[in-house]
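These notes concern the structure reproduced below.
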Amino acid sequence: MKTTTRVAVIGGGVVGCSVLYHLTKLGWSDVMLLERSELTSGSTWHAAGGFHTLNSDTNMAALQGYTITLYRELEKITGMSCGLHHVGGVTLADSQERFDMLKAERAKHRFMGLKTEIVGPEEIAKIAPVTNIDGILGGLYDPLDGHLDPSGTTHAYAKAARMGGATIETHCKVTQTNQRADGSWDVVTDKGTIHAEHIVNAGGLWAREVGAMAGIYFPLHPMEHQYIVTDEVPKIAEIIDNGGEHPHVMDPAGESYLRQEGRGLCIGFYEQPCKPWAVDGTPWDFGHELLADNFDKIEASIDFAYKRFPALAEAGVKSVIHGPFTFAPDGNPLVGPVPGVRNYWSACGVMAGFSQGGGVGLMLAQWMVDGEPERDTMALDCARFGDWITPGYTLPKVIENYQKRFSIAYPNEELPAARPFRTTPMYDIFDQMGAVWGQQYGLEVANYFANSDEPRFETPSFRRSNAFAATAREVKAVRGSVGINEVHNFGKYRISGAGARAWLDRIMAGRVPQPRRISLTPMLSHQGRLIGDFTISCLSEHEFQLTASYGAQAYHMRWFLQHQVAGVDIQNVSDSRNGFQIAGPQASAVLQACTRTDISDMRFMDLRQMTIGVVDCLVQRISYTGDLGYEIYCDLPSQRALWSCLWQAGKPHDMRPFGMRAMMSLRLDKFFGSWMREYSPDYTAAETGLDRFISFKKTADFIGRAKAEAEQKAGSARRLCAFEVAATDADITAYEPISLGGEVVGFCTSGGYSHHAQKSIALGFVPTKHAQEGLEVEIEILGQMHEARLITTALFDPEGTRMRG
Ligand SMILES: Cc1cc2nc3c(=O)[nH]c(=O)nc-3n(C[C@H](O)[C@H](O)[C@H](O)COP(=O)(O)OP(=O)(O)OC[C@H]3O[C@@H](n4cnc5c(N)ncnc54)[C@H](O)[C@@H]3O)c2cc1C
């Protein structure tokens, strides 16, 4: 056995083998896979082998699309069969809401270039004749859906990897992973120790145990899952005898997926009475066995399926496959460099290995070999969860995710499991004031405040929700007088030390401000992609506060620590610093009433240390609402005292609390982008207009400089623009296609209703040549085309007189 390797991939399921293959494909041949038994000895061998592109996250859909197209490549390279059946698949809709969702998906596919189609009930009866179409309104047909042979495919990955120089060691159980001082790893196995520069955890069902060997908690959990294979079904046999194949049918109402298997059918369920497996850890002696059949938990699902697919009742059960596989709390894989642990990579939590395994392998290999993946990975980046996550949170979230696997995913939906979990000191005060809560990165945030005669629950919907009136009230309060909200959903970092300024000059593309001033800056990757959108506050020559998205904390800290140098101290203070933002024309009056410091000379983008009531605060004159406003930061234990003082001072001005729904509406008035909507690693500073905050004048060789300069010279091919949309009851959420003269030329990044301007607004990309005031386009919302016009003048305070005045 080899005793040194550049990469040790732990786990020979479909995911580990895909990672291994992709590493060789990108040029790393000194790579090794360690498998405790035979390849496929985890979830992989008993998978149903189905694959599909449909995913409500666009990047996940693209990753699934890549995986599916890869199989032919694998067959060609290796000469092995993956047992591919590209039979197509149809997802059924039996309610208008679900049909709306499928239409919204179809709209996204139009700009992604996927050839899906909305089909009516008669067409469904024709293409999928085992379906009883009673009550079906229509469906979404995807010609790329299909199934394969899980074992054959895994072995094809393995063979392709071996052909690229990789080594595979089976019957080689990893028992310890010990890091050396230089960041490399001693991987201890029952066959000896291997010295590896990098480790990839592709341990699947045992990923938790493998992670624990390095002291890492991976937030995933195995769930039991069951599918049934029938004897011959006459209708299927007839199709086969006529040279055809039956397509997959996903029936979300019945929480089932169905496909042809031999001359019969195979049907699996995501049942509500689902069961987690191996709660206290996956036994090491589990392998090629199945779990005992459990018809009780799928009884209701089977009854439903017999009605939807009557042919099932005609055939006997040939076999039952009941096995475990793992989920992360949101159902997406956990991929990428593990924050805070050098040279340790995650490739686990992959619940649909045959739809996603190829893309996961490619993305991880790009990250390891090229330094960054080619697309935005946030949906599957293991850094989307912070170190706040616990097994106690993961388990109910995983159960919730399993149960909602086939539910409609609404853009405004807040999922209830394991909540409230993390709260700020304001939780009970805001709760008494009628807060309707959402969750961001584990933290409760007020979405809006309901009046006492309004429900304390926002109805999930693709259309304008019951939060509309409350949001309008809060927007009116801010624009008309003054509103208050916490600054809890900012990630906050304290950067200090003699080298702090120079370090910021290298990490951030923008200007680093002088003491008592603030600046805005993009943070770029080496390839010039947007990886952050920061506010820098200079507290003193050697001390700075950075603020950015709360949800990107682990992502940003990982980057900071990877680039940390001597003389710079970096601390994540997101949860130990909080406070409030006040915004609106009366914001200065409220603030001045609370402090003896004269704030009349505070200019836009100034900051001051001052005492407010009894609390020492950092006050910044800036507001994401685009209005006159202040962000006021204090230590967490002082937050309620600060609240009392501000709330008292706000009373004469009828100050109101406002939530995230109002915030998202207010920012639209000024066309302000938002992290992971307009600003993400899929886009560049020039495309989004954030290049106006890049300091090309500064001498520092900031990360991404060469790429940003080149793009500035050449100009970007597309441009982020704002549109006024002739929408009536449903606004833009994200990824709706933008058409010009009947041709899709762009897509939306986000949008919503501007309560101040009383207009529906979209933000989105179009080719730069079209990005001109007055451009008339059409935007598809829920299957309907809506006229839209490109606008360049902000809907509120276009001259910035209120914000700066
Ligand atoms: C009933 C059922 C049906 C399914 N149907 C589908 C489907 O239709 N389509 C689809 O895409 N997905 C399906 N899945 C999910 C699919 O099986 C998983 O997504 C996939 O197998 C995950 O692969 P993996 O490589 O991450 O993990 P695993 O297959 O669990 O592989 C992990 C490997 O790591 C090895 N290992 C662990 N610890 C160590 C160690 N310490 N040392 C060495 N080796 C170690 C294990 O032996 C194992 O071989 C289904 C799952 C089930 C249970």
Side-chain angles (χ1 to χ4, degrees), residues 8-20 32-52 64 67-68 89 145-151 153-154 157-158 168-177 187-191 194 199-213 218 220 222-229 248 250 257-259 261 266-270 277 282-288 290-291 319-327 331 333-335 346-358 360-361 402:
V9 177
I10 304 172
V14 63
V15 175
C17 291
S18 167
V19 170
L20 195 72
M32 189 174 189
L33 184 144
L34 308 167
E35 165 53 51
R36 70 185 178 112
S37 175
E38 296 292 340
L39 296 181
T40 79
S41 293
S43 301
T44 296
W45 76 271
H46 54 234
F51 54 77
H52 54 269
Q64 293 179 191
T67 303
I68 294 169
D145 278 14
H147 54 274
L148 45 63
D149 165 19
S151 174
T153 301
T154 307
Y157 274 126
I168 295 179
E169 203 66 46
T170 55
H171 298 283
C172 180
K173 179 182 168 190
V174 174
T175 53
Q176 287 178 42
T177 53
V187 182
V188 182
T189 78
D190 51 8
K191 281 181 161 178
I194 299 144
I199 284 181
V200 176
N201 180 352
L205 284 177
W206 295 266
R208 292 175 297 175
E209 286 71 22
V210 171
M213 292 174 194
F218 282 90
L220 54 85
M223 295 293 292
E224 296 183 359
H225 185 64
Q226 203 164 209
Y227 66 90
I228 295 168
V229 180
H248 290 202
M250 274 62 66
Y257 56 88
L258 169 127
R259 69 168 171 82
E261 172 68 38
C266 152
I267 184 163
F269 304 101
Y270 281 86
W277 182 73
T282 302
W284 284 110
D285 58 0
F286 186 79
H288 272 260
L290 290 169
L291 307 176
S319 56
V320 179
I321 307 289
H322 193 199
F325 64 140
T326 60
F327 290 76
L334 297 165
V335 184
S346 173
C348 48
V350 185
M351 61 74 53
F354 297 95
S355 294
Q356 302 170 339
V360 164
Y402 186 98

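We count ligands from 1, going down the list as the structure has it; atoms in each ligand are counted the same way. Just the heavy atoms: all of them, side chains too, but no hydrogens, waters or symmetry mates, feed the values below. Remember, predicted model here, so these are calculated numbers, not experimental data.
Ligand 1 lies less than 4.0 angstrom from a heavy atom belonging to Ala202. Look at Ser355 and you'll find a heavy atom under 4.0 Å from some atom of ligand 1. Ligand 1 has no atom lying under 4.0 Å from any heavy atom of Gly357.
Below 3.5 Å of separation, one finds an N or O of Gly50 facing an N or O of ligand 1. Looking at Glu38 next to ligand 1, no N or O pair under 3.5 Å apart turns up. Distances between N or O atoms of Gly323 and those of ligand 1 include no value under 3.5 Å. In terms of N/O distances under 3.5 Å, ligand 1 is approached by Val14. In terms of polar-atom proximity, defined here as any N/O pair under 3.5 Å, His46 makes no such contact with ligand 1. Ligand 1 has no N or O atom lying under 3.5 Å from any N or O atom of Ile10, backbone or side chain. Considering backbone and side-chain atoms alike, Val350 places an N or O below 3.5 Å from some N or O of ligand 1. Among the atoms of Lys173, none of the N or O lies under 3.5 angstrom from an N or O of ligand 1. The shortest N/O to N/O separation between Val210 and ligand 1 does not fall below 3.5 Å. Any N or O atom pair closer than 3.5 Å counts here, and Pro324 shares no such pair with ligand 1.
Between Phe325, Trp45, Phe286, Tyr227, it is Phe325 that holds the heavy atom closest to atom 51 (C) of ligand 1. Here the shortest heavy-atom distance to atom 27 (O) of ligand 1, taken over Cys266, Gly268, Gly204, belongs to Gly204.
Taking the six-membered ring where the residue is Trp, the centroids of His225 and Tyr257 are separated by under 6.0 Å.
Scanning all protein heavy atoms for the shortest distance to atom 30 (O) of ligand 1 gives Ser43 N, 3.0 Å. Counting protein heavy atoms only, atom 34 (O) of ligand 1 is closest to Gly11 CA, 3.1 Å. Of the protein's non-hydrogen atoms, Glu35 OE1, 2.6 Å is the one closest to atom 49 (O) of ligand 1.
Between the side chains of Glu38 and His171, at least one donor N or O sits under 3.5 Å from an acceptor N or O. Side-chain contact check for Ser41 and Arg36: no donor-acceptor pair (N or O, by modelled atom type) lies under 3.5 Å.
Taking every non-hydrogen atom of Gly203 and a distance limit under 4.0 Å, the qualifying atoms of ligand 1 come out as 32 (C), 34 (O), 37 (C). Using a 4.0 Å cut-off to heavy atoms of Met351, the atoms of ligand 1 that qualify are 12 (N), 15 (C), 19 (O). Ligand-side atoms of ligand 1 in range of Thr44: 20 (C), 21 (O), 23 (O), 25 (O), 28 (P), 29 (O), range being under 4.0 angstrom from any heavy atom. Taking a cut-off of under 4.0 Å to the non-hydrogen atoms of Ala48, the atoms of ligand 1 that pass are 3 (C), 4 (C), 5 (N), 6 (C), 7 (C), 8 (O).
Between atom CG of residue Leu220 and atom CE of residue Met351 there is a gap of 13.0 Å, rounded to the nearest 0.5 Å.
Residues meeting the side chain to side chain donor-acceptor pair (under 3.5 Å) test with Glu209, sequence neighbours left out: none.
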Let me check something: any side-chain donor-acceptor pairs from residues 8-20 under 3.5 Å, sequence neighbours excluded? List them with distances.
residue	atom	partner	partner atom	Å
Ser18	OG	His22	ND1	3.3
Ser18	OG	Gly357	O	2.8

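Only side-chain heavy atoms of Trp206 come within less than 4.0 Å of ligand 1; its backbone N, CA, C and O stay farther off.
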